[in-house]
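By convention in this document, chain letters (A, B, ...) are assigned in the order of the sequence lines, proteins followed by strands, and residues within each chain are numbered from 1. Just the heavy atoms: all of them, side chains too, but no hydrogens, waters or symmetry mates, feed the values below.
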Amino acid sequence: MSIHLYDSATREIRVFKPLTPGAVSIYLCGATVQAPPHIGHVRSGINFDILRRWLTHSGFQVTFIRNVTDIDDKILQNALKEEIPWWALALKYERVFTNAYKELNVLPPTYEPRATGHITQMIELIEKLILRGKAYAPGNGDVYLDVHSLDEYLTISKQKLADLLVSPDGDQSFKKNPQDFALWKGAKSGEPSWPTPWGAGRPGWHIECSAMAHAYLGEAFDIHGGGLDLVFPHHENEIAQSNAAGYPFAKLWMHNAWVTTAGEKMSKSLGNSLRVNELLSKVRGIELRWYLGSAQYRSMLEYSPEALEESAAGFRRVENFLKRAKEIIGQNPEIKISKDFAAAMDNDLAVPEGLATIAELVRSGNAAITANDKKTISENAAYVRGALSILGCDPFDDNWVGDESNDLTEIVDGLVKLALAEREEARIRQDWQSADRIRDAISAVGISIEDTSSGPRWTITRGENR
RNA sequence: GGUGGGAUGGCCGAGAGGCGAGGCUCAGGACUGCAAAUCCUGCUACACGGGUUCAAAUCCCGUUCCCACCUCCA
């Protein structure tokens, strides 16, 4: 059994073999911290978090780098709008992102480098590129990569240089060729800048990732990830810069698809993006994560409020089984990975197929609860919990347990039991009216009552819209 | 113009030549004082037109429609 992954570069699924046996190095293009995250951003984080958890489970030592881009055109623009310094804006949104990742149980990366902390590495890389005759500084403070000097270009988007539409930004007077792209941008007045051999300026968009991947993962590493929209130009240009410097760079490219609404990509410019915070007021973090992680990472995920609610309800069914299993076996279920789930994950992270195995375990597990078959209950619960732990949705994970305000649970339990005792008395009298009145009163505050063979059981429902 | 992705039952969503993924909804049943939860049964779909094959949702040819990238994007 071995992990198979789809490589965007070769466009085929291949057996994954790391450069160093037993270890995997991953670089994921993280956020440009210019605004709060929408669910598309965190889908990427979740997809690669699942990859990371699966690789770790499979016995690999994973080094996971996810950068923060904290200097860029939009950051400068938005800082002007918000009337705060650009660095304050960047840090503000970096914290919002960090918080969103935490609320969705996305593990912190091994290291999370910021672009502005690696100016030195970028300058070194650019100098190397100039020395090798792959880049040029025309004297206006900019430095461009000479794409015609490359042995190869556009290898993963499979486009031809001549077919590209020329960007309409006009400012091409210093370029040898319109397709050349900026490694470094000369400072305009009022903009932040760093001193360089070519004058004061700031980084181009792509150079940071080449520099940071090199700094933390070396000249070659296993997996480079990001959203599908980064294939061109961002990743092509990263490859161009790194290869031109003599680095083999990434061995495998993985790209997650988007979250769409009404068939259209969620994007800032369209204004149809859904903020993470917005949705966290509708469903719990664990439910949002379950939803965003439920589609295969290369499939578009079509968002609708109904789809989210349906998915959340589906998760609650799974969660409910685990909690009932815990009550019966008297402790948290073990964490085990079933063969079927493993086979699904090994197949390019086929989460939907994995979900089907969970559904079957929950169904037969519930039947086992009815039959009071403890062996099957604990076995199924262990496999379900194992699968959920890979998906980052294990309800017994410390990250989520805080959600439950556990310290209050016992107090509530005492109160609810008082009321239930009264209801039981009414039921013995066959005074259904009183019994139902008590049940209705309890459910009105967001606690639902189920009569089971072993007596009444209560759970917090939080109402429809939380 | 170039490069990709897609169209699957009421809905969501997998699969990728034969053996009905799965979920949700709905209908019926079991359990229940009634609910809720749970279980059981039912609902034979793959954009369109050709073709290949013993066999096609899956392969080939053609057509229609949708989305995206080539400017900032996860």
> When all nucleic acid strands are considered with a 4.0 Å heavy-atom cut-off, which category describes Asp436(A): base, sugar-phosphate, or nothing?
Replying inline: base
> Would Glu208(A) and Arg114(A) pass as an ion pair if we require N to O under 4.0 Å?
Replying inline: no
> Do we see a donor-acceptor contact under 3.5 Å between the side chains of Glu450(A) and Thr452(A)?
Replying inline: no
> Is any side-chain nitrogen or oxygen of Ser299(A) closer than 4.0 Å to OP1 or OP2 of G13(B)?
Replying inline: no
> Any side-chain N or O of Asn366(A) under 4.0 Å from OP1/OP2 of C39(B)?
Replying inline: yes
>> Using a 4.0 Å heavy-atom cut-off, does Ala307(A) contact any base of the nucleic acid, only the sugar-phosphate backbone, or nothing at all?
In response: nothing
> Per the atom types in the model, does the base of G2(B) pair as donor or acceptor with the side chain of Gln159(A) at under 3.5 Å?
Replying inline: yes
> Does C40(B) have OP1 or OP2 sitting under 4.0 Å from an N or O in the side chain of Arg363(A)?
Replying inline: yes
> If you measure from the C1' atom in C46(B) to the same atom in C12(B), how many Å do you get, rounded?
Replying inline: 15 Å
> Rounded to whole angstrom units, what separation is found between the CG atom of Asn256(A) and the C1' atom of A74(B)?
Replying inline: 5 Å
>> Can you see whether Ser389(A) engages Arg385(A) through a side-chain donor-acceptor pair at a distance of less than 3.5 angstrom?
In response: no
>> What's the gap between C24(B) and G17(B) when it is taken at their C1' atoms, as a whole Å value?
In response: 30 Å
>> So, does Arg316(A) get its side chain near the phosphate of A37(B), meaning an N or O under 4.0 Å from OP1 or OP2?
In response: no
>> Salt bridge or not between Arg11(A) and Asp7(A)? Use side-chain N to carboxylate O under 4.0 Å.
In response: no
> For Arg324(A) and A36(B), what is the distance between atoms CZ and P respectively, to the nearest whole Å?
Replying inline: 15 Å
> Expressed in angstrom and rounded to an integer, what is the separation of Tyr291(A) atom OH from C11(B) atom C1'?
Replying inline: 13 Å
>> Under 3.5 Å, is there any donor-acceptor pair linking the side chain of Asp229(A) to the base of C70(B)?
In response: no
> Got a donor-acceptor pair under 3.5 Å from the side chain of Glu310(A) to the base of G23(B)?
Replying inline: yes
> If you take atom types as modelled and just measure distance, does the side chain of Arg439(A) reach the base of A35(B) with a donor-acceptor pair under 3.5 Å?
Replying inline: yes
> How far, in whole Å, is C70(B) from U44(B) if one measures between their C1' atoms?
Replying inline: 43 Å
> Could Asp436(A) and Arg423(A) be called an ion pair, given the rule that one side-chain N must be under 4.0 Å from one carboxylate O?
Replying inline: no
> Roughly how far apart, to the nearest Å, are G10(B) and C43(B) at atom C1'?
Replying inline: 10 Å
> Rounded to the Å, how far apart are Asn67(A) CG and A74(B) P?
Replying inline: 10 Å
> Side chain of Lys265(A), base of C67(B): donor and acceptor closer than 3.5 Å?
Replying inline: no
> Name the one of Phe232(A), Tyr144(A), Phe181(A) that satisfies ring-ring contact (aromatic ring centres under 6.0 Å, His included) with His206(A)?
Replying inline: Phe181(A)
> On a whole-Å scale, what distance lies between the P atoms belonging to G50(B) and A14(B)?
Replying inline: 30 Å
>> Any side-chain N or O of Arg298(A) below 4.0 angstrom from OP1/OP2 of G5(B)?
In response: no
> When you compare A68(B) with A55(B), how far apart are their P atoms, in angstrom units rounded to a whole number?
Replying inline: 40 Å
>> Please give the distance between the C1' atoms of A47(B) and A36(B) as a whole number of Å.
In response: 42 Å
>> Heavy atoms only, 4.0 Å cut-off, all strands: where does Gly263(A) land among base, sugar-phosphate and nothing?
In response: sugar-phosphate
> Given the P atoms of C48(B) and U41(B), what is the spacing between them in whole Å?
Replying inline: 31 Å
